[in-house]
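A short write-up of the structure that comes next.
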Number of protein chains: 2
Amino acid sequence: MMANRNDDDSAAAPATRRRVGRPRAGVLSKRLITETCLRLIDERGTEAASMRAIAAELGVRPSALYNHVAGYNELIAGVRELISERIPVDAFEREPWDAALATWARHYRDVFAAHPSLVALLAVLPLAEESVTTVMYEAVIAKLGDAGWPDTHAVTVLVALESFVLGSALDLSAPDDMLDPGPRDDVPRFSSAYRARAALLAETGTRPADASFELGLRALIAGFSAELASLAATGR
Amino acid sequence: MMANRNDDDSAAAPATRRRVGRPRAGVLSKRLITETCLRLIDERGTEAASMRAIAAELGVRPSALYNHVAGYNELIAGVRELISERIPVDAFEREPWDAALATWARHYRDVFAAHPSLVALLAVLPLAEESVTTVMYEAVIAKLGDAGWPDTHAVTVLVALESFVLGSALDLSAPDDMLDPGPRDDVPRFSSAYRARAALLAETGTRPADASFELGLRALIAGFSAELASLAATGR
DNA sequence: GCCCTAAAAGAACCCCGTTCATTTTAACTG
DNA sequence: CAGTTAAAATGAACGGGGTTCTTTTAGGGC
């Protein structure tokens with residue numbers, strides 16, 4: 001980059017600095033800001049998606065963002081909405097409840113897996129009310145009800161599965177070798193099991209996080225089926 | 001509080017400001033700093049546990065902390081160690097593998113549940129190597145191996161369960177009514193199921209997060225048992 | 001044409017983690 | 001015991017963060 005004199009510096013995008021005052025053509029919108037935020041998170045990580053950085057990317061001063069977005073938290077909530085819309089729920093119309101639940105969970109996690117550094121950010125913020133997430137829940141709960149799950153238990157099942165999905169998504173944003181014990185001799189069995197797993201996964205080309213997610217998902221769904229059977233036997 | 005003149009202000013704890021230079025008696029230690037950090041997180045939340053706030057609480061300038069702690073991330077890693085030590089693993093010496101796994105998972109989550117606002121913080125940071133967490137893993141993996149789990153699968157089971165535990169811990173730090181759809185008529189079945197569950201839980205005095213955790217844990221362990229049986233049948 | 005409002009710039013405020021130089025003291029060393 | 005080195009505090013500063021407030025300009029409705 002060429003050096004800019006301090007009293008003649010210009011923002012990244014526009015060649016000439018914009019005058020103060022409302023511009024002739026609209027420059028910003030909530031949608032544009034939110035999408036830029038998600039793009040920066042994907043391209044350069046969470047830390048590069050500050051209000052100031054987003055503003056610079058859009059060739060705008062930070063304070064201009066506040067004409068369209070209430071603040072950083074609301075912005076991140078918008079990003080969550082943006083990607084939540086991409087979780088397909090059509091499996092509930094085609095598959096039996098347990099298979100549909102598994103398909104939904106995989107999609108759910110895949111969407112987060114596409115934006116790994118975002119997971120930690122979303123984990124911190126409470127859900128916004130009136131969110132599209134709720135209509136996703138509607139599809140899940142309707143299917144569970146149709147399958148015979150009592151109204152009293154359906155949401156509990158949903159939350160349990162969602163906890164697993166989010167926990168697995170967090171696992172995704174951690175480095176693959178996070179658990180690597182290295183050359184320690186005080187944890188021999190863990191070391192050996194760690195290496196045995198690494199070897200197996202290398203053979204099949206599977207990511208560690210994927211193996212754990214699939215195993216846990218299978219186990220959870222199988223357990224749910226057993227639970228439903230037991231509910232039907234005793235409760236009815 | 002009375003107003004303090006700007007050139008006569010004093011820190012919170014000591015009545016008189018400490019002179020510059022090394023004090024006669026040691027004032028700080030890594031242990032003291034870490035425990036103060038955890039206490040502030042518990043009492044006033046994550047945001048109140050900044051380096052500056054911790055320093056003020058200890059009657060010290062922020063820069064003094066860096067003589068004992070490398071930085072904020074290492075400090076939080078120390079807090080994780082502090083509470084990880086409190087997860088009991090003795091169940092693996094007394095109970096069969098599946099019951100022990102469940103007991104361990106409950107303790108694991110209980111420890112985090114005691115510090116709800118900490119969960120989001122820990123979720124973001126990668127594990128420090130050489131941590132006590134690894135010796136906890138050793139106990140889990142040894143038991144799984146003794147129970148017949150192949151070395152190639154033990155760590156995968158561990159990670160799957162841990163993902164569920166951490167996801168459930170995150171759920172704990174969210175407000176209880178986060179999912180409440182409120183008076184919406186576009187999600188009728190979810191609304192009805194939400195209210196049915198709320199009524200059931202109110203009857204038995206159970207927290208929603210606890211119900212989901214127990215259900216999911218039961219399902220996971222049951223699914224793991226089925227998985228192990230299937231492994232024994234086909235693989236051997 | 002006037003007025004209110006929207007949307008930008010720009011300046012400022014207070015927070016944060018961190019680094020550096022300085023000062024004082026403790027601990028070690030010959 | 002004197003001298004040196006290392007440790008542990010202060011104080012000042014840096015660069016970054018989210019946010020707010022004022023000012024300026026433009027658009028749209030009566």
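Every chain is numbered from 1, with letters handed out A, B, ... down the list of sequences.
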| message | What verdict does the salt bridge (charged side-chain N to carboxylate O under 4.0 Å, His left out) test give for A:Glu57 and A:Arg44, after you've listed the backbone C-alpha separation in whole Å, the side-chain angles of each residue and the deciding distance to 0.1 Å? | response | CA-CA 12 Å; A:Glu57 183 75 12; A:Arg44 304 177 213 168; 3.2 Å; yes
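- Whole-Å rounding puts the B:Arg61 CZ to C:dT24 P distance at 16 Å.
- By the 4.5 Å heavy-atom criterion applied to side chains, B:Tyr194 and A:Ile141 are not counted as neighbours.
- Between B:Ser212 and B:Phe164, the shortest heavy-atom contact is O-CZ, 4.1 Å.
- No side-chain heavy atom of B:Leu65 sits less than 4.5 Å from a side-chain heavy atom of B:Leu75.
- Here the side chains of A:Thr34 and A:Arg31 are not in contact, with every heavy-atom distance at 4.5 Å or above.
- Using a 4.0 Å cut-off on heavy atoms, the residues of residues 65-72 of chain B that approach DNA chain D are B:Asn67, B:His68, listed by number.
- Across A:Ala49 and A:Tyr72, no two heavy atoms sit closer than the pair O-CE1, 3.7 Å.
- Within residues 39-54 of chain A, the residues having any heavy atom under 4.0 Å from DNA chain D are, by residue number, A:Ser50, A:Met51, A:Arg52.
- We find that CD1 of A:Ile76 is positioned 14 Å from P of D:dG17, with the value rounded to whole Å.
- When side chains are defined from C-beta on, B:Leu158 counts as touching A:Phe190, because their heavy atoms get closer than 4.5 Å.
- Closest approach of B:Cys37 to B:Ile54, counting heavy atoms only: CB-CD1, 3.7 Å.
- Among the nucleotides D:dT10, D:dC21, C:dA8, the one closest to any side-chain atom of A:Leu28 is C:dA8.
- Within the 4.0 angstrom heavy-atom criterion, base atoms lie near B:Ala64.
- Note on the helix from C:dG1-D:dC30 to C:dG30-D:dC1: angle between the axes of the first and last five pairs equals 0°, rounded to 10 degrees.
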| request: Report the C-alpha distance between A:Glu43 and A:Arg39 in whole Å, list the side-chain angles of each, state the deciding distance to 0.1 Å, and finish with yes or no for salt bridge (charged side-chain N to carboxylate O under 4.0 Å, His left out). | output: CA-CA 6 Å; A:Glu43 289 176 359; A:Arg39 184 167 55 80; 3.6 Å; yes
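- For the pair B:Leu170 and A:Leu170, the minimum side-chain heavy-atom distance is below 4.5 Å.
- Atom pair A:Asn73:CG and D:dG18:P shows a separation of 10 Å (rounding to whole Å applied).
- Listed here is the closest heavy atom pair of B:Thr206 and B:Ala211: CG2-N, 4.2 Å.
- Rounded to an integer number of Å, the gap from CG of A:Leu121 to C1' of D:dG17 is 14 Å.
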